[in-house]
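Bear in mind that the values here come from a model prediction, so they are computed numbers and not experimental data.
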Amino acid sequence: MRTITRNFLVGLGVVLVVLVALGALPSYLQSGDPYYVSATPVEERGPAVNGSVLTEQRFPYTTAALESGRSSLYWRGPIGLKESFTHTPFDEFAAFRQREPRAANGSVAYVAYNGSRYRVAITEETA
């Protein structure tokens with residue numbers, strides 16, 4: 001094998017290892033601002049995202065909030081790099097805006113789940 005080819009393959013392997021590490025490690029970093037998703041039942045009527053089709057794999061923060069009232073913390077990275085490599089509550093709300101634009105506005109969405117309507121919101125944890 002030629003030296004140029006070997007160096008290229010080694011460099012490509014290093015780049016792949018770095019990309020895999022960037023995909024796995026940021027979710028374990030607890031730096032930046034902590035956020036959580038909360039769900040509170042509301043009586044008012046209006047458009048809502050169908051919560052019965054939300055899966056725990058695709059919407060872990062929202063489903064946890066619907067089940068217990070609050071999700072686990074998500075630590076938003078200080079420079080925004082972490083969001084590129086991990087799943088965030090902000091991703092879930094972007095999906096809500098695509099599914100039912102009238103039911104989601106910024107960091108608040110309305111979700112119909114188990115016969116009730118919930119106000120689901122992303123909230124920053126304060127000290």
Side-chain angles (χ1 to χ4, degrees):
M1 186 180 296
R2 295 180 61 182
T3 305
I4 294 173
T5 305
R6 182 178 47 86
N7 290 343
F8 174 76
L9 291 175
V10 167
L12 184 63
V14 167
V15 167
L16 289 174
V17 166
V18 167
L19 287 175
V20 168
L22 282 174
L25 294 179
S27 62
Y28 296 109
L29 298 176
Q30 292 187 348
S31 63
D33 301 323
Y35 291 86
Y36 63 90
V37 176
S38 62
T40 14
V42 293
E43 295 296 324
E44 61 197 52
R45 294 187 182 271
V49 175
N50 182 1
S52 63
V53 297
L54 302 180
T55 63
E56 189 175 337
Q57 291 79 23
R58 174 74 171 93
F59 297 93
Y61 295 102
T62 303
T63 54
L66 290 170
E67 293 296 326
S68 64
R70 181 179 164 164
S71 71
S72 60
L73 288 176
Y74 168 76
W75 297 81
R76 192 172 206 179
I79 59 174
L81 180 66
K82 181 179 176 181
E83 288 80 15
S84 301
F85 294 97
T86 60
H87 178 76
T88 72
F90 305 100
D91 296 334
E92 294 181 15
F93 278 69
F96 293 156
R97 285 189 292 279
Q98 287 180 340
R99 288 178 181 221
E100 184 61 52
R102 297 174 299 135
N105 184 8
S107 62
V108 175
Y110 291 92
V111 178
Y113 181 70
N114 284 345
S116 298
R117 187 168 184 258
Y118 293 87
R119 180 185 185 273
V120 180
I122 299 174
T123 308
E124 185 173 0
E125 176 89 353
T126 56

Show me the side-chain donor-acceptor pairs of residues 115-124 shorter than 3.5 Å, one per line, residues at least two apart or across chains.
| from | atom 1 | to | atom 2 | distance (Å) |
| --- | --- | --- | --- | --- |
| Arg117 | NH1 | Glu44 | O | 3.0 |
| Arg117 | NH2 | Pro47 | O | 3.0 |

With sequence neighbours excluded, tell me which residues meet side chain to side chain contact (heavy atoms under 4.5 Å, CB included) with Ala64. Ser71

Mind checking salt bridge (charged side-chain N to carboxylate O under 4.0 Å, His left out) for Arg70 and listing every partner two or more places apart, or none if nothing turns up? Glu125

Between Phe59 and Phe96, what is the ring plane arrangement, given parallel below 30°, perpendicular above 60°, and tilted in between? parallel

Results of side-chain hydrogen bond (donor to acceptor under 3.5 Å, both in side chains) for Tyr35 - residues two or more places apart only: none

Apply side chain to side chain contact (heavy atoms under 4.5 Å, CB included) to Ser52 and list each qualifying residue two or more places apart in sequence or on a separate chain. Asn50

State whether a side-chain donor-acceptor pair under 3.5 Å links Thr62 with Glu92. yes

Mind checking what makes ring-ring contact (aromatic ring centres under 6.0 Å, His included) contact with Tyr110, not counting sequence neighbours? none

Pair up each side-chain donor or acceptor in residues 2-10 with any protein partner under 3.5 Å, not counting sequence neighbours, and list the distances.
| from | atom 1 | to | atom 2 | distance (Å) |
| --- | --- | --- | --- | --- |
| Asn7 | ND2 | Thr3 | O | 3.4 |

Could you tell me the separation between the CG atom of Asp91 and the OH atom of Tyr61, rounded to the nearest 0.5 Å? 9.0 Å

Rounding to 0.5 Å, atoms CD (Glu67) and CG (Asn114) come to a distance of 7.0 Å

Salt bridge (charged side-chain N to carboxylate O under 4.0 Å, His left out) partners of residues 94-108, not counting sequence neighbours, each pair once: Glu100-Arg102

